[in-house]
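Remarks on the structure that follows.
Residue numbers start from 1 in every chain, and the chains themselves are labelled A, B, ... in the order their sequence lines are given, proteins ahead of strands.
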Amino acid sequence: MTSSSLLFGLQLGQRRITRARVLLAALAIVGFAAAVALAERQLDLLGSASRSLQGGAFGFIVPLATLGAVGLVLGNESVAAATTPLARFGISRRPLAFGLTAGALATASALAAAIAFTTALCAHDPWAPPLGQDLLSSTWIGALVGAAYAGLYSFGATFGRRGGGRGFVFLFDFVFGASGSALSVFAPRAHALHLLGGEPPLDGMSQGASAVVLAVMTVAGVAATLARCPR
Amino acid sequence: MTHRLIVQRALSAGSPAGGVPVTLALPPGLHAILGTPTDGTTSIAELVGGMARPRAGQVLVAGREPYREPSLRARIGVTLAPPSLPDVGTVERLLRICMETRGGDARAMLERLGLAPLATRRITSLTPDEARAVELAIALATPNPLVLALTEPFANTAGADRGAVTEAMQHAAAAGAAVLAMTASVADAADLGGQVHLFERGVVTRTLSSLAVAELPGSEAALRVTTNDPRALAAALTDLETVRSVTWDEARGLSFVTVRGPDLDRVGFAVARAAQRAGARIYAIQSITPGLEEVRAAASGLALAAYHAAYRHGSGTPMTAPPAQPGPRASEASS
């Protein structure tokens with residue numbers, strides 16, 4: 001895997017996301033998260049931070065926004081197809097895919113962290129932990145969860161002609177993420193909710209273990225993506 | 001005969017052919033594939049270039065699969081009908097990436113094609129024709145090529161020097177590459193000077209030499225001129241050396257003169273000179289391009305005529321092969 005090929009992959013992804021309309025869309029998503037948090041706070045101040053983070057932000061906005069971010073970096077194609085414009089000149093698809101996936105990971109992670117930060121800020125209530133601490137923990141949880149989603153969505157994008165497998169990952173997470181069943185251990189949403197103070201996906205599972213599972217999901221997702229990508 | 005390129009009933013995902021399996025086996029040399037994207041020419045380019053995984057069948061270049069081998073793809077040059085250039089910034093940057101990853105001097109090729117000013121442009125600012133021209137320059141600059149699969153190399157290429165394109169293709173063929181020019185133009189196919197394969201719904205139905213192609217409709221330029229005095233114009237045209245044939249038609253109210261010659265520019269110039277000399281007024285000039293169905297029918301007719309002529313003259317051996325049996329069709333593949 002050559003560093004220049006990896007760099008080409010990163011640049012390919014970066015060119016797809018560094019556009020004014022993409023930045024505007026990201027701002028709109030973060031703004032929407034802020035609006036939901038403010039509405040929640042307006043509705044009932046008691047526990048508004050927890051409700052906003054566990055409900056709107058990590059229950060719906062983060063999974064959808066990260067799905068969009070991965071789709072954007074991959075150009076709404078499968079991982080192999082996204083690498084083809086450069087792979088056709090004789091570059092191996094794998095380093096290119098690694099570059100693209102790394103770009104997707106960074107984008108999704110930053111977006112999820114921004115959503116979490118904004119939500120924690122706008123929905124902060126007097127019963128929540130001190131604002132600084134709440135913002136810090138929400139942000140790193142957002143970044144970790146965003147990366148896990150990006151890893152799994154990238155893996156999903158190795159299935160189907162247009163990478164439609166990532167839609168299946170989204171549905172799985174949406175259905176099982178808050179179900180309380182044993183399958184929820186494979187859903188990033190379940191671990192995100194646990195880290196935010198919700199029920200653990202498995203009885204007796206610590207929050208540290210959930211963080212580790214999210215990190216493992218990220219690494220495994222990227223590794224499986226590369227393994228499934230042809231040369 | 002060693003086949004450099006073998007495409008065996010291969011199906012390309014998302015091909016405009018809509019699932020027509022492509023079958024082809026070609027040795028090194030110059031090959032014009034006379035067909036349209038609906039016949040599977042786009043699929044050939046995608047599959048041979050390793051850009052699409054065959055959903056079925058097999059694609060082998062020098063015995064290996066281009067989809068799975070980057071080192072093989074580095075020795076294959078491809079252009080598609082809608083160009084597919086990665087957005088890496090400027091054309092210059094893309095040319096540098098190509099030179100870094102597989103060698104060859106794509107920049108020099110762009111200059112040879114007379115398109116050097118495109119190098120400084122951003123890829124996203126290129127028109128489709130300009131993007132096709134850049135793609136063509138990169139493909140022609142492929143170092144030690146095994147296969148060049150070029151879709152319409154002479155059409156919509158932003159004024160790329162036709163002579164330089166032909167020369168580069170001939171040079172690659174002479175160096176041992178299988179050079180495929182996928183085109184719907186009989187004139188372009190004839191100009192290349194290699195073998196011409198009539199390609200229909202995924203299979204080669206007939207292979208002709210460049211001499212035989214000269215007999216087909218469309219192998220020379222033809223203009224249809226609407227005029228007020230067809231007889232005078234036709235008479236003036238017959239005096240000109242560049243004109244190979246003239247016919248006129250006054251039967252339908254409007255008067256037309258059909259003129260044939262070596263290329264459109266020279267025929268057009270001859271029409272202008274003749275009209276001036278004859279004092280004829282020209283209302284419209286239209287280029288006549290025969291449809292591929294017409295070309296295929298003419299090829300079948302020519303082959304059949306040659307076959308019968310050979311037997312009628314008592315040699316017992318046909319001068320050319322009898323009409324080829326059609327190859328495998330989509331209906332057979334699906335059954």
Count the heavy atoms of every other residue, nucleotide or ligand shown that sit under 6.0 Å from [atom1] of [X], and state whether that count exceeds 12.
| X | atom1 | answer |
| --- | --- | --- |
| A/F159 | CZ | yes |
| B/R96 | CZ | yes |
| A/F172 | CZ | yes |

Worksheet item: Can you say whether B/L94 sits under 4.5 Å from chain A via the side chain, the backbone, both, or neither, judging by heavy atoms?
Response: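 Looking at B/L94, just its side chain touches chain A.
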Worksheet item: Where does B/E65 contact chain A at under 4.5 Å (heavy atoms): side chain, backbone, both or neither?
Response: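 Contact with chain A involves no heavy atom of B/E65 at all.
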Worksheet entry | Over-ring placement of A/R93 relative to B/Y67, 6.0 Å and 45° cut-offs |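 Ring-cation test returns yes.
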Discussion item. Side chain to side chain contact (heavy atoms under 4.5 Å, CB included), that's the test. Do A/F89 and B/M99 meet it? Break it down for me.
Written reply: CA-CA 10 Å; A/F89 300 122; B/M99 290 191 274; over 6 Å; no
Item to complete: Could you have a look at B/P70, B/G49, B/P86 and say which one has the most heavy-atom pairs with chain A under 4.5 angstrom?
Response: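 Maximum pair count with chain A is reached by B/P70.
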Discussion item. Quick check for you: among B/M51, B/R68, B/E100, which has the greatest number of heavy-atom pairs under 4.5 Å with chain A?
Written reply: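 Top option by heavy-atom pairs under 4.5 Å: B/M51.
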Worksheet item: Does the distance from a Lys or Arg side-chain N to an Asp or Glu carboxylate O, for A/R88 and B/E46, drop under 4.0 Å?
Response: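 Looking at A/R88 and B/E46, the cut-off is not met.
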Practice prompt. Answer yes or no: is there a side-chain heavy-atom contact under 4.5 Å between A/L86 and B/V88?
Written response: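 Yes - at least one pair of side-chain heavy atoms lies under 4.5 Å apart.
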Worksheet entry | Which atoms of A/T84 approach chain B - backbone, side chain, both or neither, heavy atom under 4.5 Å |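 Just the side chain, heavy atoms under 4.5 Å.
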Worksheet item: Measuring heavy-atom distances to chain B, does A/A81 have an atom under 4.5 Å in its side chain, in its backbone, in both, or in neither?
Response: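 Neither part; nothing is under 4.5 Å.
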Fill in: Atom pair CD (B/E69) and OG (A/S92), whose distance is rounded to the nearest 0.5 Å
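B/E69 atom CD to A/S92 atom OG measures 11.0 Å (nearest 0.5 Å).
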